[in-house]
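Notes follow once the structure below has been shown.
Heavy-atom basis, side chains included; hydrogens, waters and symmetry copies ignored.
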Amino acid sequence: MPRTTTTITFSLPREMADRVEEVVKQEGRSRSALLREALYRYLEENEWRKLLRYGEQRTRDLKITPEDVSCLVEEYRADTGSSRA
């Protein structure tokens, strides 16, 4: 069966490596699992930041005000029957 993961090697400052080891011991997890989760969270957060920057730029380009946003959210909710946007 082919391998489904890739090994990546990188270095950390000693203090950070020590902190990683502390968390690994406290949580009973592997280093790989901990760092995989940390990287996944970083990548997700980065995607959100890009999306927010895009939205902010589009609102400036379209001259949408905060009041417009509230109206647009309410219209969306009415159209979809959703209480959350």
Side-chain angles (χ1 to χ4, degrees):
M1 176 181 254
R3 188 177 173 134
T4 60
T5 61
T6 301
T7 300
I8 298 174
T9 303
F10 61 96
S11 57
L12 297 172
R14 171 53 54 198
E15 305 84 40
M16 186 180 283
D18 291 344
R19 290 175 66 188
V20 166
E21 290 306 315
E22 285 176 26
V23 174
V24 163
K25 288 178 186 172
Q26 289 171 357
E27 297 186 6
R29 302 169 70 178
S30 69
R31 228 181 276 124
S32 289
L34 178 67
L35 296 174
R36 211 175 8 254
E37 180 182 339
L39 186 54
Y40 176 80
R41 287 181 181 209
Y42 170 82
L43 294 171
E44 289 293 306
E45 184 178 312
N46 192 46
E47 286 297 314
W48 275 108
R49 281 193 301 266
K50 285 194 274 187
L51 181 59
L52 288 172
R53 280 194 303 270
Y54 172 79
E56 289 167 352
Q57 185 60 50
R58 292 293 292 155
T59 59
R60 283 192 294 276
D61 294 347
L62 297 171
K63 297 179 175 36
I64 295 173
T65 67
E67 294 78 22
D68 296 331
V69 172
S70 294
C71 290
L72 291 168
V73 168
E74 289 304 316
E75 285 177 24
Y76 173 82
R77 288 177 177 166
D79 288 348
T80 63
S82 174
S83 62
R84 294 181 59 195

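The only option from R31, K25, Q26, E27 that meets the side-chain contact (heavy atoms from CB on, under 4.5 Å) definition with R29 turns out to be E27.
Within 6.0 Å of the CZ atom in R41, the count of heavy atoms belonging to other residues, nucleotides or ligands does not exceed 12. The neighbour count for R60 CZ, taken as heavy atoms of other residues, nucleotides or ligands under 6.0 Å away, is above 12.
The CZ atom of R77 sits 12.0 Å away from atom CG of L72, with the distance rounded to the nearest 0.5 Å. Annotation: the span from I64 atom CD1 to C71 atom SG amounts to 11.5 Å, rounded to 0.5 Å. Interatomic distance, CG of L62 versus CG of D68, reported as 10.0 Å (0.5 Å rounding).
In the hydrophobic clustering of this structure, Y42 does not group with L34; members are Ile, Leu, Val, Met, Phe, Trp, Tyr whose side-chain heavy atoms approach within less than 4.5 Å, directly or through other members. Follow the hydrophobic side-chain contacts under 4.5 Å out from V20 and you never reach L39; the two are in separate clusters. Tracing side-chain contacts under 4.5 Å through hydrophobic residues (I, L, V, M, F, W, Y), one never reaches L43 starting from F10; they form parts of separate clusters. Both M16 and L35 are assigned to one and the same hydrophobic cluster, defined by single-linkage of ILVMFWY side chains at heavy-atom distances under 4.5 Å.
Using a 4.0 Å cut-off between charged nitrogen and carboxylate oxygen, E15 and R19 do not count as a salt-bridge pair.
A donor-acceptor contact shorter than 3.5 Å is absent between the side chain of D79 and the backbone of Y76.
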